[in-house]
Amino acid sequence: MQSIEKLKFLTESQVRTVAQQFGTPVFVYSREKIEKSCETALAFPNAYGLTVRYAMKANPNRTILEIMKRKGIQIDASSEYEARRALFYGFKPEEIMLTSQELAKGMKELVEKGVIFNACSLRQLEAFGKIFPGKEVSVRFNPGLGSGHTKKTDVGGKTSSFGVWHEDIEKIKEIAKKYDLKIFKVHTHIGSGSDPAVWKVVAQVSLDIAAQFPDCRILNLGGGFKVGRMEDEKTTDFQTIGKPVISLFEEFAKKNGTKLKMEIEPGSFLMVNNGAIVTTIDDIVSTGENGYKFVKVDAGMDVNTRPSLYAAKHPLVVVPKEGTHSGKTEDYVFVGHCCESGDLFTQAEGGGPITRTTGEAAIGDYIVMEGAGAYCSSMSVKNYNSFPETAEVLLGLDGSFQLIRKRQNLEQIFQNEVPVSL
Ligand SMILES: Cc1ncc(COP(=O)(O)O)c(C=O)c1O
């Protein structure tokens, strides 16, 4: 029996206000909830100090980054563009660490400014050494095991290209020696939505790697903390997961004489349940008695790609446009507005429709898609079917709503196209 999902931070009346004030679809984020998540992350148990970096790929909106900055959160940037964006929003270079799959073309300039470079491959380390001999550098390792909420978000182990393979430590040492580099930080990140038990094992493996580098004074254990979106999904408790790791750091200090500072870099944890998408039901169609009842909303994979990409589940809550709920429930398939068979918000693993039980819905009612604060606005297949980028709104501490990103207009969608004479 599926449990009927509930709103996580908005009231029904606020849903109607947002929809009427800003139109739909629209993202809404709660400042209060983001600040609380920051506080929980900053209280992550640690032995000798902690830095929390926000994996800004989760949601790089300027206002969200500013909220994090005020809380003392630093930045994990996944590309030089993210690093530049964070600099533009006022983060100090030394508050930003660049961990990029591709060697940033602007690495030299960013490092000269003070951005921390996390070499993610032997090639990246060599390139850094050539430009900055004698300098300190961080290295990302693939610790040999990974864990994610799906195979697609598992970024550790032999099936993953992320980081230097743990058996290549000697090659790292050779490059470090060649360029007189000091490996001052070891970094691992094993996936998104990872299993807490695997996380503890990886912490030990990462400490063993750090022990091989005498200049190492910081261990970054990445992000990937599991966050439950649906009622029956669990969220990692930072106190539970973090406390056993304190003694691992203490043992390391006893054995190796270094009190390692810890870093974590959550993305999901800081944002997932602090954002929702308010959509409107555009249509309801059926494929007969033996078929399905489809609820079509005015958002799709261009607004939230996760269901199409990962068969990810987001809570879907019906809010009547006016009046109250009928008290009845129904099983629906929720579909997006893109002309694409895979644009399903309730998708079976491997593809195809699956039903979701919600309150009875009618055309014009609102569907609030919860758990949409991370990897939705930032990761969507924007502008597919030429739908404009969705507006974003912040629910402030005083209960008022402020626009933090305008809805894109049509001209902005094609502004970079260059007309040629044919
Ligand atoms: C290097 C790195 N750090 C941190 C994160 C954040 O992961 P999550 O949002 O699951 O916490 C990611 C996400 O892919 C990542 O690649």
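Just so it is clear, the structure is predicted and the values come from calculations on it, not from any experiment. Every number for a ligand or one of its atoms is a count from 1 in the order of the listing. Side-chain atoms are counted along with the backbone in the values below, which use heavy atoms only and exclude waters and symmetry mates. Sequential numbering from 1 along the given sequence is applied to the chain's residues.
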Open item on the list: Could you report the tightest heavy-atom contact between Met230 and His314, atom names first, then the distance?
Closed with: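 Distance-wise, the nearest heavy atoms are SD-C, 3.6 Å.
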- [ ] Give a yes or no answer on whether the side chain of His187 reaches the backbone of Asn220 with a donor-acceptor pair at less than 3.5 Å.
- [x]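 Absent.
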Using heavy atoms and a 4.0 Å limit, tell me yes or no: is [X] in contact with ligand 1?
{"X": "Pro266", "value": "yes"}
{"X": "Arg53", "value": "no"}
{"X": "Arg140", "value": "yes"}
{"X": "Phe162", "value": "no"}

Task: Side-chain touch Tyr384/Asp343, heavy atoms, less than 4.5 angstrom - done: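 No, their side chains stay 4.5 Å or more apart.
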Out of all atoms in ligand 1, which are within 4.0 Å of some heavy atom of [X]? Include the element for each.
{"X": "Gly223", "answer": "4 (C), 11 (O)"}
{"X": "Asp76", "answer": "2 (C), 3 (N), 4 (C)"}
{"X": "Ala55", "answer": "4 (C), 5 (C), 6 (C)"}

Any N/O of [X] closer than 3.5 Å to an N/O of ligand 1?
{"X": "Gly224", "value": "yes"}
{"X": "Gly267", "value": "yes"}
{"X": "Ser268", "value": "yes"}

TODO: Show your working on side-chain hydrogen bond (donor to acceptor under 3.5 Å, both in side chains) between Arg85 and Tyr89 and close with a plain yes or no.
DONE: CA-CA 6 Å; Arg85 200 165 168 179; Tyr89 295 161; 2.9 Å; yes
Task: All side chain to side chain donor-acceptor pair (under 3.5 Å) counterparts of Glu251, not counting sequence neighbours - done: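 Partners of Glu251 by the side chain to side chain donor-acceptor pair (under 3.5 Å) criterion come out as none, since no residue qualifies.
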Open item on the list: Using heavy-atom distances only, which candidate in Met271, Lys57, Lys226 approaches atom 16 (O) of ligand 1 most closely?
Closed with: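 The nearest heavy atom belongs to Lys57.
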Open item on the list: Please tell me whether Phe269 and Phe44 form a close aromatic pair, meaning their ring centres lie under 6.0 Å apart.
Closed with: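 No, the ring centres sit 6.0 Å or more apart.
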- [ ] Would you confirm whether the ring centroid of Phe249 sits within less than 6.0 angstrom of the ring centroid of Tyr48?
- [x]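 Between Tyr48 and Phe249, the centre distance exceeds or equals 6.0 Å.
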Task: Partner set under ring-ring contact (aromatic ring centres under 6.0 Å, His included) for Phe132, not counting sequence neighbours - done: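 By the ring-ring contact (aromatic ring centres under 6.0 Å, His included) rule, Phe132 matches Phe128.
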Task: Check ion pair Glu233-Lys226 (N to O, under 4.0 angstrom) - done: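 Here Glu233 does not pair with Lys226 in a salt bridge, since their nearest N and O are not under 4.0 Å apart.
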Open item on the list: Counting only heavy atoms closer than 4.0 Å, does ligand 1 sit against the backbone of Glu265, its side chain, both, or neither?
Closed with: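 Both backbone and side chain.
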Open item on the list: Side chain, backbone, both or neither: which applies to Tyr375 and ligand 1 if a contact is any heavy-atom pair less than 4.0 Å apart?
Closed with: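 It is the side chain that touches ligand 1; the backbone stays farther off.
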